[in-house]
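Here the structure is a predicted model, which is why all the values come from computation and not from measurement. Start at 1 and go down the list; that is how both ligands and their atoms are numbered.
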Amino acid sequence: MRTLTILGSTGSIGGQTLDVVAAHPERLRVLAIAGRNRERLAAQARRFAVPLVGIAADAQAGALPAGFPDGTRVLWGHQALERLATHPAADVVVVATVGRAGLDATLAAVRAGKRVAIANKEVLVMAGAVITAEAAAHGATIVPIDSEHSALWQCLLGEDRGGVGALLLTASGGALRDCDPATLEGITPEEALRHPTWVMGPKITVDCATLMNKGLEVLEAHWLFDVPMERIRVVMHPSSVVHALVQFRDGTLKAQLGVPDMKVPIQFALSYPERWTAAAPTLDLVAASPLVFAEPPPGRYPCLDLALQAGRQGGTYPAVLCGADEVAVQLFLQRRIRFTDIPRLIGAALERHVPGDERDIEQIIAADAWARDECRRQAAV
Ligand code: NDP
Ligand code: MG
């Protein structure tokens with residue numbers, strides 16, 4: 001039996017993690033859940049008999065909020081996530097929060113030596129140097145949930161890392177892949193949120209439309225697998241059937257294929273080293289044919305270029321990338337800026353940033369906060 005803390009249980013990945021738990025009640029148990037939506041947290045606490053709940057909102061003194069089962073212990077405030085992530089009874093901490101929100105709790109979980117199943121990629125992009133160093137120092141293991149990274153992990157299992165030539169991440173191209181670039185300026189949030197192959201939370205769906213998501217994933221892969229940025233490539237693959245590939249020095253390409261269903265990589269992060277039966281259908285290779293691949297069209301995805309540039313520059317540039325992106329996407333979803341302003345604002349923040357040390361968590365947090373302010377300031381101009 002594995003005991004889980006699920007941070008961000010009320011979101012897309014968090015909810016699918018609970019679906020995996022529901023499919024394997026004899027193997028998985030939920031100790032704690034956390035998020036912001038109280039009604040959804042209460043419903044989850046009732047359904048899974050969760051003893052501990054974190055609500056990331058200001059403390060409400062006293063009584064249990066309505067809807068929670070008797071006996072549930074509710075922790076309030078941002079620190080609730082850290083407390084639940086370090087609880088001695090938690091075997092695995094699933095980080096399914098989004099953006100900056102999961103940083104402190106991930107760091108706390110790693111310092112507590114936990115197995116951390118991470119979906120919240122921004123945390124690794126911002127603070128990969130600190131998190132991987134702390135994981136090594138405290139005996140924590142970080143396993144990916146992101147489908148491409150789960151694929152890379154599976155392709156690398158049992159392999160000698162010295163034989164790895166390159167990592168290849170596939171990209172669907174997102175909701176706007178077939179759009180005339182001249183029309184991007186007028187794209188609405190509804191259009192950007194219509195992803196062709198995956199149903200996900202709003203921030204990552206917009207990140208897929210800009211291909212920022214794939215840029216973040218290159219940095220995520222760099223930190224997870226300790227492969228230099230210049231040996232990680234992005235390949236367009238519209239049907240999201242091949243999730244990623246590893247190219248070995250002897251010319252072999254090893255790929256992982258499957259239906260686009262996040263419950264598969266979520267379950268593997270929880271079951272590893274075992275493989276459990278899953279409810280997801282097995283891929284029908286014939287129906288999935290032909291598999292099509294292409295180079296990313298040059299100049300079409302400025303956010304991808306910005307992410308790769310920030311990754312190459314290192315230091316606190318990736319933290320600025322994440323902070324500015326989170327704010328820019330939010331402003332776009334609130335209809336306060338245009339779709340094409342997203343890369344413009346992020347690019348401006350990166351240009352004005354005075355970089356700091358990627359191994360210093362205080363400098364990373366400060367760079368993220370600076371980028372958010374800078375992005376809001378530029379948007380108001
Ligand atoms: P969602 O927006 O659906 O969910 C985000 C979760 O984080 C919610 O539970 C939300 O709580 C919680 N949250 C947000 N802000 C805070 C905060 N300040 N404090 C505490 N909790 C907070 O996102 P997704 O599930 O789509 O994505 C989660 C992460 O996984 C992202 O980093 C994404 O890039 C990555 N990912 C997602 C995939 C997917 O298929 N969805 C695929 C691969 C990676 P509430 O809803 O209660 O406000
Ligand atoms: Mg992905």
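- Using a 4.0 Å cut-off between charged nitrogen and carboxylate oxygen, D226 and R161 do not count as a salt-bridge pair.
- Short contacts between ligand 1 and D146, defined as distances under 4.0 Å to a heavy atom of the residue, involve ligand atoms 43 (C), 44 (C).
- Less than 4.0 angstrom separates some heavy atom of M262 from each of these atoms of ligand 1: 40 (O), 42 (C), 43 (C).
- For a threshold of 3.5 Å applied to N or O pairs, the pair formed by A34 and ligand 1 contains no separation below that value.
- For D146 atom OD1 and E217 atom OE2, the angle they make at the Mg ion (ligand 2) is roughly 100°, to 10 degrees.
- Taking any N or O of Q16, backbone or side chain, none lies under 3.5 Å from an N or O belonging to ligand 1.
- The shortest N/O to N/O separation between S147 and ligand 1 does not fall below 3.5 Å.
- Atoms of ligand 1 lying under 4.0 Å from any heavy atom of A101, numbered from 1 in the order shown and given with element: 15 (N), 16 (C), 17 (C), 18 (N).
- When only interatomic distances are considered, the shortest N/O to N/O separation between H78 and ligand 1 does not fall below 3.5 Å.
- For I204, every heavy-atom contact with ligand 1 shorter than 4.0 Å involves the side chain, none the backbone.
- Using a cut-off of 4.0 Å between Lys/Arg side-chain N and Asp/Glu carboxylate O, E82 and R111 are scored as not salt-bridged.
- A salt bridge does not link K121 with E148: none of the charged nitrogens is closer than 4.0 Å to a carboxylate oxygen.
- Remark: ligand 1 atoms within the under-4.0 Å shell around heavy atoms of I13 are 25 (O), 30 (O), 37 (C), 38 (C), 39 (C), 40 (O), 41 (N), 42 (C).
- R344 is linked by a salt bridge (charged side-chain N to carboxylate O under 4.0 Å, His left out) to D341, counting only residues two or more places apart in sequence or in another chain.
- The nearest heavy-atom contact from the protein to atom 45 (P) of ligand 1 is T10 OG1, 3.2 Å.
- Judged purely by distance below 3.5 Å, without hydrogens or angles, the side chains of Q334 and Q330 never pair a donor atom with an acceptor atom.
- When each atom of ligand 1 is checked for a heavy atom of A96 under 4.0 Å away, the hits are 5 (C), 6 (C), 7 (O), 28 (C).
- For the pair D207 and D325, the minimum side-chain heavy-atom distance is below 4.5 Å.
- For ligand 1, the atoms sitting less than 4.0 Å from at least one non-hydrogen atom of A56 are 19 (N), 20 (C), numbered in the order shown with element in parentheses.
- Assignment of G14 to the shell around ligand 1 is not supported, since no heavy atom sits closer than 4.0 Å.
- Considering backbone and side-chain atoms alike, G201 places an N or O below 3.5 Å from some N or O of ligand 1.
- Under 4.0 Å is where a charged nitrogen must lie from a carboxylate oxygen, and between R352 and E374 at least one such pair does.
- A salt bridge does not link E326 with R100: every distance from a Lys NZ or Arg NE/NH1/NH2 to an Asp or Glu carboxylate oxygen is 4.0 Å or more.
- Within E148, the N, O or S atom at minimum distance from the Mg ion (ligand 2) carries the name OE1.
- At a threshold of 4.0 Å, the pair D373-R377 does not count as salt-bridged, since none of the basic side-chain nitrogens sits closer than that to a carboxylate oxygen.
- Between the side chain of T5 and the main chain of L84, a donor-acceptor pair closer than 3.5 Å is present.
- Of all protein heavy atoms, the one closest to atom 40 (O) of ligand 1 is M200 CG, 3.1 Å.
- Ligand 1 lies less than 4.0 angstrom from a heavy atom belonging to K121.
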